[in-house]
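Just so you know, these numbers come straight off a predicted model, no measurement behind them. Naming: A, B, ... by sequence-line order, numbering from 1 per chain. What you see below is based on every heavy atom in this structure, not just the backbone, and it leaves out hydrogens, waters and symmetry mates.
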Number of protein chains: 4
Amino acid sequence: KFEIFNADSEISQQFVRLNVGGQRFMLKKETIRKRGVGRLLDIVNKSSECADAYFCPSNEYYFERPPMLFHIVYQFYLNGIIHQPTNLCPMDIIEELEYWRIVPDQYLASCCCAQQQEVDEDEMEDEEEKPNLFKSLKFGEIRRSIWNMIEEPTSGGKAQIFALFSVFFVLVSISGLVLGSLPDLQYERLLPDGKVEREPLPFFGYIEYVCIIWFTMEYGLKMLVSAERSKTARQLLNIIDLLAILPFLIEMLLFIFGISTEQLRDLKGAFLVIRILRVLRVIRVLKLGRYSSGLQMFGKTLKASFRQLGMMAMVVMTGVIFFSTLVYFLEKDEPNTKFASIPAACWWCIVTMTTVGYGDLTPVTVPGKLVATGAIACGVLVLALPITIIVDNFMKVAETERPGGGNRFRTSTFQAK
Amino acid sequence: KFEIFNADSEISQQFVRLNVGGQRFMLKKETIRKRGVGRLLDIVNKSSECADAYFCPSNEYYFERPPMLFHIVYQFYLNGIIHQPTNLCPMDIIEELEYWRIVPDQYLASCCCAQQQEVDEDEMEDEEEKPNLFKSLKFGEIRRSIWNMIEEPTSGGKAQIFALFSVFFVLVSISGLVLGSLPDLQYERLLPDGKVEREPLPFFGYIEYVCIIWFTMEYGLKMLVSAERSKTARQLLNIIDLLAILPFLIEMLLFIFGISTEQLRDLKGAFLVIRILRVLRVIRVLKLGRYSSGLQMFGKTLKASFRQLGMMAMVVMTGVIFFSTLVYFLEKDEPNTKFASIPAACWWCIVTMTTVGYGDLTPVTVPGKLVATGAIACGVLVLALPITIIVDNFMKVAETERPGGGNRFRTSTFQAK
Amino acid sequence: KFEIFNADSEISQQFVRLNVGGQRFMLKKETIRKRGVGRLLDIVNKSSECADAYFCPSNEYYFERPPMLFHIVYQFYLNGIIHQPTNLCPMDIIEELEYWRIVPDQYLASCCCAQQQEVDEDEMEDEEEKPNLFKSLKFGEIRRSIWNMIEEPTSGGKAQIFALFSVFFVLVSISGLVLGSLPDLQYERLLPDGKVEREPLPFFGYIEYVCIIWFTMEYGLKMLVSAERSKTARQLLNIIDLLAILPFLIEMLLFIFGISTEQLRDLKGAFLVIRILRVLRVIRVLKLGRYSSGLQMFGKTLKASFRQLGMMAMVVMTGVIFFSTLVYFLEKDEPNTKFASIPAACWWCIVTMTTVGYGDLTPVTVPGKLVATGAIACGVLVLALPITIIVDNFMKVAETERPGGGNRFRTSTFQAK
Amino acid sequence: KFEIFNADSEISQQFVRLNVGGQRFMLKKETIRKRGVGRLLDIVNKSSECADAYFCPSNEYYFERPPMLFHIVYQFYLNGIIHQPTNLCPMDIIEELEYWRIVPDQYLASCCCAQQQEVDEDEMEDEEEKPNLFKSLKFGEIRRSIWNMIEEPTSGGKAQIFALFSVFFVLVSISGLVLGSLPDLQYERLLPDGKVEREPLPFFGYIEYVCIIWFTMEYGLKMLVSAERSKTARQLLNIIDLLAILPFLIEMLLFIFGISTEQLRDLKGAFLVIRILRVLRVIRVLKLGRYSSGLQMFGKTLKASFRQLGMMAMVVMTGVIFFSTLVYFLEKDEPNTKFASIPAACWWCIVTMTTVGYGDLTPVTVPGKLVATGAIACGVLVLALPITIIVDNFMKVAETERPGGGNRFRTSTFQAK
Ligand SMILES: [K+]
Ligand SMILES: [K+]
């Protein structure tokens, strides 16, 4: 590799002398050829018109560009990667690279945009793969247009109207659930065993049926047209959709088998299941996640901080068990104490460590109060951590959403172009 | 564009060779002429006295300036915009640009001061447009001086005295409202229907009338002299001013139509309106916003974080409905439960998620307590987000207010000069 | 100013050519002389031994120093101020400046270390002025040594023992106060009017007298020896010292005038004063501020954030009045409501907005609960601001305390050397 | 040192001329030899093949490397330390130093990675010293393998199974403790003095014995094989292990001396000790700290912020005593007040300042409420500080754990290589 050059002419043969805004740089022609892109390659390939001038006395190609920014280009030709000095404006770097005919996407150093990509990855997968999948299917075009209408609320007029309907039915369904719980909108029903139960007016039942028909149709249609059924079915938002119609589906199933819910009332276990199924209706409110950027960002933030939050949950749980056991043993012999067992003390401990402090049970002995002080101190310290973590991750997620924002250039900035 | 230069003299004819503190830069004369400003233009236009020296042997203009900072000037001549490397002191850059006879205001790269301008925009509008508007109006000069007295508390002695009076009347009015609610300063009044009602002593009524006359005068005068009435009327602070006198105006109107408030007492709906109108009196306390920089900064911060807070409110609402429905179904069958309906559970959920924790209703069943734990965890996580957002925006707003502060130079820095 | 140089020799006569690590810089000899300091001045003054080498062919002085850092030195010679690029290590810059024989203290650009100095100022005043003051006084040397013993706990062995005693008496006095409030350590005393009052055991009285004698002696001695009595008396810590012995001094005074506290019992106003004076004893706990770095840092932080906290207090107060008035009007007609007046509602509002949430009074009507939700939201947002401010200022204060810490060099770094 | 060079050849004899990517640097051969490492040393030692080319006309060694990064290398040759400009990518610097054959570990400037090392130190000690210690001992190899099995859960298959058992027994033991406190799983026992006491079912006692045998074995084995017994015994995690089996050991001891716990029931003091010992069982939950990264990070964070948290605890304690004394004196004469003594008021004050707000005791007088407002304000401000501190330190600790993460290169990055 190493060579000795005795004459200036020899050097000029193998090297490109660059005068960038008055400052001198040198590069081997071979290095430029190896990289295989950019304005300098054109220079080497004899199309010297790419430079601004050629100075014969010094054998230099002159470029009227800021010398400060050429350092990034120089380093790119050597290593094939682009590092971003944090003190320079990312927009500035992008423009400069454009002049030098380098498309930065493929050469960005992973160490300068690592955190970024983590978050990006998920979305890219979804968006890039699907369009091709429909092509090879029967009724591909129709299925694709229905799919877009249901799943891509921003993809056009029909999709927006569909989204509007979907949100409307979610809101109606939730409103029905909430209003139906008001005593003024309930009636008393006599049960077979003589007890009286309050139930929402029948009107709410009808609304509920309409909503459930829509949701079932929506889910069924989606599954019908989906190009990758098993993958679609495993997505969080679609699992929510399924859970939202599950109570109805099960009641249907029971009906087919000739069992009415009335008869299940006597079987204690089965009745409990029915009850839980009813409560599941509230999961519909999470369907809004598909249409609210706020919910989506929160969801992504939680996903990104999953590991750290888990770690902190461990700390909180240890603290809760530690302090509640202590308080239980210190308080359990007080007359009329509400610290009847350690689980009861756990409830107190959670309420205390999070500084909610209902006051439904409070320690009354002096050692109990000292332990409570410790629990509070521990709570204040521990809870500061997940907050920091989530805030940090939220900022990253919010950054990703904003096109071209932030003070460092990133993969997404280029991809938006 | 591309040219080959065979002799040094040719190069010197078309290029300016710069020796900035010993380091060499080059620029085409043409490029400098295109930009059309700065010290280098004067050099090109033969007034070479602008340089510190001219070195014949190398045909260089010598400038005794820091080479590090000349990069910014060089880049400006090429692209016509000024980027600010974050590692350099903004004051330093300003001084250097001054030497090179470049006024940075017009050339600042938007990518380096984007966030800034968002906040600035609103204020500039107001301040720059109005002075001219009065010129073309009847009694322009008088109207303008009255306008300044009312709207610009910092514009002079008279304006300050006016502001003092205004604050004084707000404080008197609010004090009257607060003191009038003390049972010791109330008397019992027999209503026509035999009931007894407690009312503030008549003394408070007189004070109230004086205050309301001042406020009405203030608002009327402002509207009278305003150059753009409809725009003035739509400003937030003026809407507050109007709302503060609305109850009085309506009572006036009713009086003109011969209806006393006593007679309205029998009409349930109308009486409610009267009551709400009375409560509206408290809106006067927001009038202080005009004179308190704290309130103004808080208002601006809220405005700047409006979108993000809205998104988070959506998340909180979803969480509230989700957890309160769950708790309602889990707790509703307990004897003497206070979770009588989902809206009641919502109140509990808001109080719990914000860690206020009154303890007026608390879950008693084990599943209820588990849901409560989830709600608390969710609340702690969700509430961390708007806090971060608002803090972030507050910092930006606070930065804007401080003249010349901060560690990056910004549009406002230049405008202050 | 402008000159044309035809020959290289001419240039070398007026300019210094510098070769710093292989890169070339130039400076007028005149400019260096004007600045009047540093290694380059010695070069100009013919003591060329200061350079590492002299290259005749190019008339250059060679310095084996990093070229990157010389930019800062170059700029210093031009403008006489030192800016600190944030990307470079401050320790690095300090060392480089030392090589170039520049003492950075006097030349630091105010824009690069502005925030710092604000905080520093106060302390410097105190520490630098006093030593000289004692010289011109009678018994100057004795007074100074007593002064140091009392006021500078770190100044030597005697001072430390004195501080130990002082802290001991504060702790004894406060312990006496706290223990004396325990019913087990009280006895019942029959008052002249037949009522029974519980008082601490006489033992605590004796302790109290001993403590008070020490505190009075301490304060008296300090005032006696102080070089600037009026200034000393006006310092916060000394005002606290005075308040801590005030109750005792007043009782003394009354005793001299022949009035016993027993007789004052009948005069309602005077008795109240006595009571307040007793409570004032607790102010002694603040005397610990002199010896605890934690308390001092907190005090300084509060002082530094005074203006911003005042602004935020204004926002909180406006919010409290606004929401409590609303809640009062909405809740006052409920049976058995505790929202008896606006001030009572204010108490609720403070407790709610700070998320303390005692639950001693809670809204029961639906509109009241909606207002409460607003108040909580407002509280969560408003309280985020002072926290940020105080945290920010605390960090700055903590930074000042640490010698040589932080990632920017600052005035204090140099002064510590 | 100073020399004058008349001819170019002389200069070339003593200096190395470097052309790094077209930009020129110079260094004395002597300086390079003094440093004694790196690619440049090889150049000086006549193995000029280390350069990319040699240009005879200008006597330059050519290196095709980015000039921007060579500044760091240059500075290293001069001072022997490596400073890291914060604007450059750390990965980039590492690669460049590798090219120049410099191992950065030993030359990192302490000022650029000071905070880092503080945290690192502790761990390194432990990990590096031990392996050698076993060599010189009897049965060294066996003891070492047992030690690794117990103390290094990540060291292999056997160690993981041991860790699994250990965690299992901790969980079983804690579950036994918690479940045994449920009234449904307790039986009533008649005490000799006629009273009735509820105790966990005997089943829990058996489980407890099994667990304790495991823990004792674990601790005993560890002590048996440890190479440095006294050091091992003084480690926090081992103290916890000892405390977890202490109650059992003491009961054993008593049993050997012929004393049953039944007999101690009559001695009040001894019985209290027994009770405390039982509560100590909960300390086992902290044994999980050995296996949970969350707990370990929290522990390290607390350790790193120990000094600052102590300072803040001082501030909180002062505030608590101050405000609780005030409230006590203001509230103590109210009928049925719960502010019975200053310690009772302290409990209120802690609960209030941390915004927990149980509401079990609340001030009722107006001055009491004003003091409470002050306490809340103080609490909100004071508690912001430890949160900031702990968050800061947690971030540093979390940074250390992540291999190669963060946006500055650090000691640990190199050591991981
Ligand atoms: K609370
Ligand atoms: K509470």
What part of [X] gets within 4.5 angstrom of chain C, counting heavy atoms only: side chain, backbone, both, or neither?
X: Leu326(D); answer: both
X: Leu78(D); answer: side chain
X: Ala7(D); answer: backbone
X: Val315(D); answer: both
X: Asp360(D); answer: neither
X: Leu27(D); answer: both
X: Tyr358(D); answer: backbone
X: Thr362(D); answer: side chain

Legend entry - Between Tyr62(C) and Phe15(D), ring centroids under 6.0 Å: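 Here the rings of Phe15(D) and Tyr62(C) have centres that are less than 6.0 Å from each other.
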Legend entry - Worked verdict on Val282(C) versus Phe323(D) for side chain to side chain contact (heavy atoms under 4.5 Å, CB included): CA-CA 9 Å; Val282(C) 77; Phe323(D) 288 113; over 6 Å; no
Legend entry - Trace of the side chain to side chain contact (heavy atoms under 4.5 Å, CB included) decision for Ile4(D) with Phe55(C): CA-CA 6 Å; Ile4(D) 293 173; Phe55(C) 301 156; over 6 Å; no
In Å, rounded to the nearest 0.5 Å, how long is the span from [atom1] of [X] to [atom2] of [Y]?
X: Cys378(D); Y: Leu302(C); atom1: SG; atom2: CG; value: 8.0 Å
X: Trp347(C); Y: Thr373(D); atom1: CH2; atom2: OG1; value: 5.5 Å
X: Met317(D); Y: Ile174(C); atom1: CE; atom2: CD1; value: 11.0 Å
X: Glu95(C); Y: His83(D); atom1: CD; atom2: NE2; value: 5.5 Å
X: Met26(D); Y: Gln23(C); atom1: CE; atom2: CD; value: 12.0 Å
X: Ile321(D); Y: Leu288(C); atom1: CD1; atom2: CG; value: 8.5 Å

[X], part contacting chain D, at a heavy-atom distance under 4.5 Å:
X: Glu96(C); answer: neither
X: Thr354(C); answer: both
X: Leu69(C); answer: side chain

Please determine, among [options], the option with the most heavy-atom pairs under 4.5 Å with chain C.
options: Pro343(D), Gly359(D), Ala377(D), Gly357(D); value: Gly357(D)
options: Met311(D), Lys369(D), Arg17(D); value: Lys369(D)
options: Val364(D), Thr31(D), Val351(D); value: Thr31(D)

Non-hydrogen atoms of [X] and [Y] that approach each other most closely:
X: Ser181(C); Y: Ser341(D); answer: O-CB, 3.2 Å
X: Pro66(C); Y: Gln75(D); answer: CG-CG, 3.8 Å
X: Phe322(D); Y: Leu286(C); answer: CE1-CD1, 4.1 Å
X: Leu177(C); Y: Ile342(D); answer: O-CD1, 3.5 Å
X: Phe5(D); Y: Pro57(C); answer: O-CD, 3.5 Å

Legend entry - Residue selection (most heavy-atom pairs with chain D, distance under 4.5 Å) from Arg24(C), Glu64(C), Met68(C):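 With the most close heavy-atom pairs to chain D, the winner is Glu64(C).
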Legend entry - Beyond-backbone contact of Val178(C) with Tyr328(D), side-chain heavy atoms, under 4.5 angstrom: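 No, too far: nothing below the 4.5 Å cut-off.
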Inset, instruction - Evaluate whether atom CD of Glu30(D) has more than 12 neighbouring non-hydrogen atoms of other residues, nucleotides or ligands under 6.0 angstrom away. - result: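 Open.
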Inset, instruction - Taking atom CZ of Arg198(C) as the centre, report whether more than 12 heavy atoms of other residues, nucleotides or ligands fall under 6.0 Å from it. - result: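 Yes - once you tally the heavy atoms of other residues, nucleotides and ligands closer than 6.0 Å, there are more than 12.
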Legend entry - side chain to side chain contact (heavy atoms under 4.5 Å, CB included) evaluation trace for Arg65(C) with Asn79(D): CA-CA 9 Å; Arg65(C) 303 303 302 174; Asn79(D) 307 330; 4.1 Å; yes
Inset, instruction - Go through the steps for Thr325(D) and Val285(C) under the test side chain to side chain contact (heavy atoms under 4.5 Å, CB included), then give the verdict. - result: CA-CA 10 Å; Thr325(D) 308; Val285(C) 81; over 6 Å; no
